[in-house]
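Here the structure comes first, spelled out in structure tokens, and everything after it is commentary.
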Amino acid sequence: MKLYGYWRSSAAYRVRIALNLKQLSFDSVAVHLIKNGGEQHSENYKTLNPAQLVPTFVDEDVSVNQSLAIIEYLDEKYPEPAFLPKSLAAKAQVRSAALDIACDIHPLNNLRVLQYLTGPLALSEEQKLAWIKHWLNVGFTALEQRLSLTSGQYCFADAVTLADICLIPQIYNAQRFSLDMTAYPSLNRIYHNCQQLAAFALAAPEQQPDAQ
């Protein structure tokens, strides 16, 4: 198994957590998103992933991009521990929270969006930071409301799910941008509890061989 990613990519971070939870060994292949104009734009990588994004996961003759698709592949191939609950309704709720993060929060602070803000749109660093914090607060306010009703140790009661796998990298991003997290006690509690697990701690960006 190979995981093509970047140490600070929150999407790659999700997949590292999932692989660790499944206790699967894998080779990390660094794709630096900034050096040389972004290695994700190289011809070799474009052949592997035409979207020019990380992560890309390769398992023998199977190649998958998009972090949630990779995690679903892992969960179906290696069912234990499961990332989704058994009941249809509970499964939908976990997926809903994960998609809130992966589809509505994360893309608005993704690198290529931020590069466009300060590049072609000529926003200042202060304006870019205001953009990031605004959309993080919008997303986290809704998540806090939802998870205050469903969380125990983790997002949904006391079992790690896909929602936790998505949440922790996004909180890491918020910390990078110095977001005030005091309004989100449920998110903070879940983050603290997840960080006590080796699967999350070992997946942290600073623990990766390409961390800089």
Check your understanding: Within the distance-only criterion (no hydrogens, no angle test), does the side chain of Ser148 pair as donor or acceptor with the backbone N or O of Glu144 below 3.5 angstrom?
Key -> yes
Check your understanding: About how many Å separate NZ of Lys46 and CD of Glu39, when rounded to the nearest 0.5 Å?
Key -> 14.0 Å
Review point. Any side-chain heavy-atom pair from Phe26 and Asn20 closer than 4.5 angstrom?
Key: yes
**Study point:** Short side-chain to backbone donor-acceptor contact, Thr150 and Cys155, under 3.5 Å
**Key:** yes
Exercise for review: Answer yes or no: are there more than 12 heavy-atom neighbours, outside Gln66 itself, under 6.0 Å from its atom CD?
Suggested key: no
Exercise for review: Could you tell me whether a side-chain N or O of Asp210 sits under 3.5 Å from a main-chain N or O of Ala30, the two making a donor and an acceptor?
Suggested key: no
Check your understanding: Is the side chain of Glu80 donor-acceptor paired with the backbone N or O of Asp75 at a distance under 3.5 Å, no angle test?
Key -> no
**Study point:** Steps toward side chain to side chain contact (heavy atoms under 4.5 Å, CB included) verdict (Phe83, Asp164)
**Key:** CA-CA 9 Å; Phe83 296 149; Asp164 302 284; over 6 Å; no
Point to revise | Other residues, nucleotides, ligands: >12 heavy atoms within 6.0 Å of Arg176 CZ | key: yes
Point to revise | Phe200 to Cys194 - nearest heavy-atom pair and separation | key: CB-O, 3.3 Å
Check your understanding: Can you tell me if Asn188 uses its side chain to pair, donor with acceptor, with the backbone of Met181 under 3.5 Å?
Key -> yes
Exercise for review: Test side-chain hydrogen bond (donor to acceptor under 3.5 Å, both in side chains) on Asn110 and Tyr116 and set out the steps.
Suggested key: CA-CA 10 Å; Asn110 200 14; Tyr116 192 78; over 6 Å; no
**Study point:** side chain to side chain contact (heavy atoms under 4.5 Å, CB included) between Ile17 and Val160, worked out
**Key:** CA-CA 11 Å; Ile17 294 169; Val160 171; over 6 Å; no
Review point. Can you tell if the side chain of Asn109 reaches within under 4.5 Å of the side chain of Gln170, non-hydrogen atoms only?
Key: yes
Exercise for review: Scan side-chain atoms only and decide if Gln175 and Tyr191 contain a donor-acceptor pair under the 3.5 Å cut-off.
Suggested key: yes
Exercise for review: State, yes or no, whether a side-chain contact exists between Val113 and Trp131 at a heavy-atom distance under 4.5 Å.
Suggested key: yes
Review point. Does atom CG of Leu121 have more than 12 heavy-atom neighbours, drawn from other residues, nucleotides or ligands, at distances under 6.0 Å?
Key: yes
Review point. Are Leu3 and Leu53 grouped together when hydrophobic residues (ILVMFWY) are joined by side-chain heavy atoms under 4.5 angstrom apart?
Key: no
**Study point:** Any side-chain heavy-atom pair of Ile168 and Gln195 under 4.5 Å
**Key:** yes
Check your understanding: Do the ring planes of Tyr13 and Tyr172 sit parallel (below 30°), tilted (30 to 60°) or perpendicular (above 60°)?
Key -> perpendicular
Exercise for review: Could you tell me whether Asp180 and Lys133 have a side-chain N and a carboxylate O separated by less than 4.0 Å?
Suggested key: no
Review point. Is there a donor-acceptor pair under 3.5 Å between the side chain of Arg189 and the backbone N or O of Gly152?
Key: yes
Practice item. Check the pair Ile105, Asn173 against side chain to side chain contact (heavy atoms under 4.5 Å, CB included), reporting the backbone distance first and the verdict last. Key: CA-CA 11 Å; Ile105 301 175; Asn173 277 351; over 6 Å; no
Exercise for review: Measure from the side-chain N and O atoms of Gln153 to the backbone N and O of Ile190, and report whether any donor-acceptor pair falls under 3.5 Å.
Suggested key: no
Point to revise | Side chain to side chain, Val31 and Thr56, heavy atoms closer than 4.5 Å | key: no
Review point. Do Arg16 and Gln207 come within less than 4.5 Å of each other through their side chains, counting heavy atoms only?
Key: no
**Study point:** CD (Gln23) with more than 12 external heavy atoms under 6.0 Å
**Key:** no
Exercise for review: Tell me whether the guanidinium CZ or amine NZ of Lys128 lies under 6.0 angstrom from the six-membered ring centre of Phe177 and within 45° of its axis.
Suggested key: no
Review point. Taking Lys2 for the side chain and Asp59 for the main chain, is one N or O donor matched with an acceptor at less than 3.5 Å?
Key: no
Exercise for review: Take atom CD of Gln127 as the centre, draw a 6.0 Å sphere, and report whether it contains more than 12 heavy atoms from other residues, nucleotides or ligands.
Suggested key: yes
Check your understanding: Taking the side chain from Gln93 and the backbone from Ala89, do they hold a donor-acceptor pair closer than 3.5 Å?
Key -> no
**Study point:** Of Tyr4, Tyr6, Trp7, Tyr45, the residue whose pairing with His32 passes ring-ring contact (aromatic ring centres under 6.0 Å, His included)
**Key:** Tyr6
Check your understanding: Does the pair His41 and Gln52 meet the rule for a side-chain hydrogen bond (donor to acceptor under 3.5 Å, both in side chains), with working shown?
Key -> CA-CA 6 Å; His41 304 307; Gln52 302 173 52; 2.7 Å; yes
Check your understanding: Honestly curious: do Leu19 and Leu68 fall in one hydrophobic cluster under the side-chain, below-4.5 Å linking rule?
Key -> no
Check your understanding: After noting the C-alpha distance and the side-chain angles of Tyr184 and Thr141, does the key distance pass the side chain to side chain contact (heavy atoms under 4.5 Å, CB included) rule?
Key -> CA-CA 7 Å; Tyr184 312 116; Thr141 297; 3.5 Å; yes
**Study point:** Heavy-atom check, side chain of Leu147 versus side chain of Leu187, under 4.5 Å
**Key:** yes
Review point. Are Tyr73 and Val94 linked, directly or through other ILVMFWY residues, by side chains that come within less than 4.5 angstrom of each other?
Key: yes
Point to revise | ILVMFWY network linking Leu167 to Leu108, side-chain heavy atoms under 4.5 angstrom | key: yes
Practice item. Taking the side chain as every heavy atom from C-beta outward, state whether Trp135 and Asp104 have any pair of such atoms under 4.5 Å apart. Key: no
Review point. Are Tyr78 and Val62 co-members of a hydrophobic cluster defined by side-chain heavy atoms under 4.5 Å apart?
Key: yes
Check your understanding: Out of curiosity, His192 NE2 to Gln196 CD, how far, rounded to the nearest 0.5 Å?
Key -> 4.0 Å
